[in-house]
Amino acid sequence: MPAEVAPASEPVALARAVLVAVQGLFSGADPGLAAQWEDEDRVVVLGELDRVSELVGVYRGRVLAAHRAEGRWARDGDRSFEAWRGRTTRQGSGAARSEVELADGLSALPEAAKAVETGETSLGHVRVLTRLRAGASAPVKKALEDGGAAALLADAAAAGWDAPTFTRRAQAWAASVDTHAVERTFAAVRERRYARVVDRDGGCSVDAFLDPVAGAAFRTALEALSPAPSPGDERTADQRRADALARLGERVLEIGDDRLGAQIRPHLTLLVPVEAWTGIQRRKHARASGETGQDGGDTVAGVAESASDGAAPVA
């Protein structure tokens, strides 16, 4: 006689029922045919699936916290709970750390978890707080756990803040709670700043790490010099930013106001073959005629771009 199979425990049976229900979506409502559904049906289905995903995230976080606290996972020889989770899910340590961070935050901020369960807030907003808590000072953690998290979530719901806006608001709130921690963090981040410019592969590689203030200024400058592409501009976003970076350098060389006492502006001279110069002029004419939205011009970026019309420029 075949051995009797022990009935699954209630938690296991319920979890399997959830899995079966989700699998049933593929056969009962084939997503490959979603384009044929009514538009309103797609919107409703997406909303329901978002709720399921958020509720599962909260539930999983609570179970993870309990499993780590119980401690038997260590018997498998993993060096940490994150390593165990990354190995058993095959998602790697990065995804595991994110899950554990969320689990810790949900345990420490039960009112935030409850807000997701009741639909008062999104899991994305709660993740903002759990990330904030993970790297926060002791005073900020205590303030979050003593009602700060609930107050922030209530403000977000009342004002309709999306997750990025909520991130900025939460960080500003944390800075007001512990200004010294912000100063220490900024100083530590600034200490790590660097910039490297290396000749590579016939071109130039730029790598840098900036503090948040310098980074914001640099990003704003690049955005100002690389607006949304106009019709006919086939450059990628990375290429537009590269051209903007080149123009930043050109403007400094043109102004020459960072060389104290200098009477002559610094200049960069390029020797270009006639074919490249002809290409530059063609692009300038096309731009003036409205035939292209690309930035050819008589800038360094324009010289580099026009090199495809002839030989490369020589410095």
Side-chain angles (χ1 to χ4, degrees), residues 10-68 82 85-86 88-135 144-145 147-174:
E10 185 175 4
V12 172
L14 289 172
R16 286 176 178 169
V18 172
L19 176 60
V20 170
V22 173
Q23 290 173 333
L25 280 172
F26 288 88
S27 57
D30 185 355
L33 302 176
Q36 302 175 18
W37 302 352
E38 294 292 336
D39 182 70
E40 292 182 359
D41 288 347
R42 283 193 299 271
V43 172
V44 171
V45 168
L46 287 172
E48 297 296 340
L49 291 177
D50 288 342
R51 284 290 294 140
V52 169
S53 178
E54 293 192 338
L55 290 172
V56 168
V58 171
Y59 190 91
R60 179 176 54 205
R62 290 186 170 183
V63 175
L64 277 174
H67 191 64
R68 181 177 60 176
E82 290 82 354
R85 179 64 176 167
T88 54
T89 62
R90 292 179 294 178
Q91 294 187 58
S93 57
R97 280 193 297 270
S98 179
E99 285 187 353
V100 173
E101 180 182 275
L102 176 62
D104 284 342
L106 291 171
S107 297
L109 307 171
E111 69 279 9
K114 189 67 176 178
V116 177
E117 293 176 25
T118 59
E120 297 173 37
T121 191
S122 73
L123 187 59
H125 285 73
V126 172
R127 284 187 185 276
V128 169
L129 295 183
T130 58
R131 292 193 194 103
L132 178 66
R133 180 186 175 278
L144 282 170
E145 295 165 10
L152 284 168
L153 290 173
D155 289 344
W161 296 333
D162 58 15
T165 301
F166 185 52
T167 298
R168 294 191 294 271
R169 298 283 184 166
Q171 290 172 341
W173 172 86

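Just so we're clear, the structure is a prediction, and the values are computed from it rather than from any experiment.
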### Message
Under a plain distance cut-off of 3.5 Å, with no hydrogens placed, do S107 and D104 share a side-chain donor-acceptor pair?
### Response
no
### Message
Would you compute the distance between atom CD of Q171 and atom CG of L132 and round it to the nearest 0.5 angstrom?
### Response
7.0 Å
### Query
When rounded to the nearest 0.5 angstrom, what is the spacing between CG in L106 and CD in E101?
10.5 Å
### Task
Measure across L109 and A149 and return the closest heavy-atom pair with its distance rounded to 0.1 Å.
CD2-CB, 4.0 Å
### Query
Are any non-hydrogen side-chain atoms of E117 and V58 less than 4.5 angstrom apart?
yes
### Query
Can you check whether V126's main-chain N or O pairs, donor with acceptor, with R131's side chain at less than 3.5 Å?
no
### Query
Under a 4.5 Å cut-off applied to non-hydrogen side-chain atoms, are L64 and E99 in contact?
yes
## Note on the structure
Scanning both residues in full, the closest heavy-atom pair of A108 with R133 reads CB-NE, 3.2 Å
### Message
Looking at E54 and L123, would you say the former's side chain and the latter's main chain have a donor-acceptor pair under 3.5 Å?
### Response
yes
### Query
Are any of the side-chain heavy atoms of W173 and D155 separated by less than 4.5 Å?
no
### Task
Please report the closest heavy-atom contact between G105 and T130, naming both atoms and the distance.
CA-CG2, 3.5 Å
### Query
Can you tell me how far NE2 of H125 sits from CG of L153, rounded to the nearest 0.5 angstrom?
8.0 Å
### Task
Indicate yes or no: at least one non-hydrogen side-chain atom of V100 is less than 4.5 angstrom from one of R97.
no
### Query
Do any N or O atoms from the side chain of S98 and from the backbone of A95 form a donor-acceptor pair under 3.5 angstrom?
no
### Inter-residue atom distance R85.CZ - H67.NE2, 0.5 Å rounding
9.0 Å
### Message
Any heavy-atom pair between the side chains of F166 and L129 that's under 4.5 Å?
### Response
yes
#### Entry: Closest non-hydrogen atom pair between R42 and Q36, with its separation
NH1-N, 4.5 Å
### Closest non-hydrogen atom pair between R51 and T118, with its separation
NH2-C, 4.4 Å
### Query
So do the side chains of T167 and W161 get within less than 4.5 Å of each other, counting heavy atoms only?
no
### Query
What is the minimum heavy-atom distance between W37 and A29, and which atoms define it?
CZ2-O, 3.7 Å
### CA sep, side-chain torsions, deciding dist, call: S53, D50, side-chain hydrogen bond (donor to acceptor under 3.5 Å, both in side chains)
CA-CA 5 Å; S53 178; D50 288 342; over 6 Å; no
### Message
Less than 4.5 Å apart, side chain to side chain, heavy atoms only: is that true for L152 and R169?
### Response
no
### Message
Do L49 and L25 make a side-chain contact, defined as non-hydrogen atoms from C-beta onward lying under 4.5 Å apart?
### Response
yes
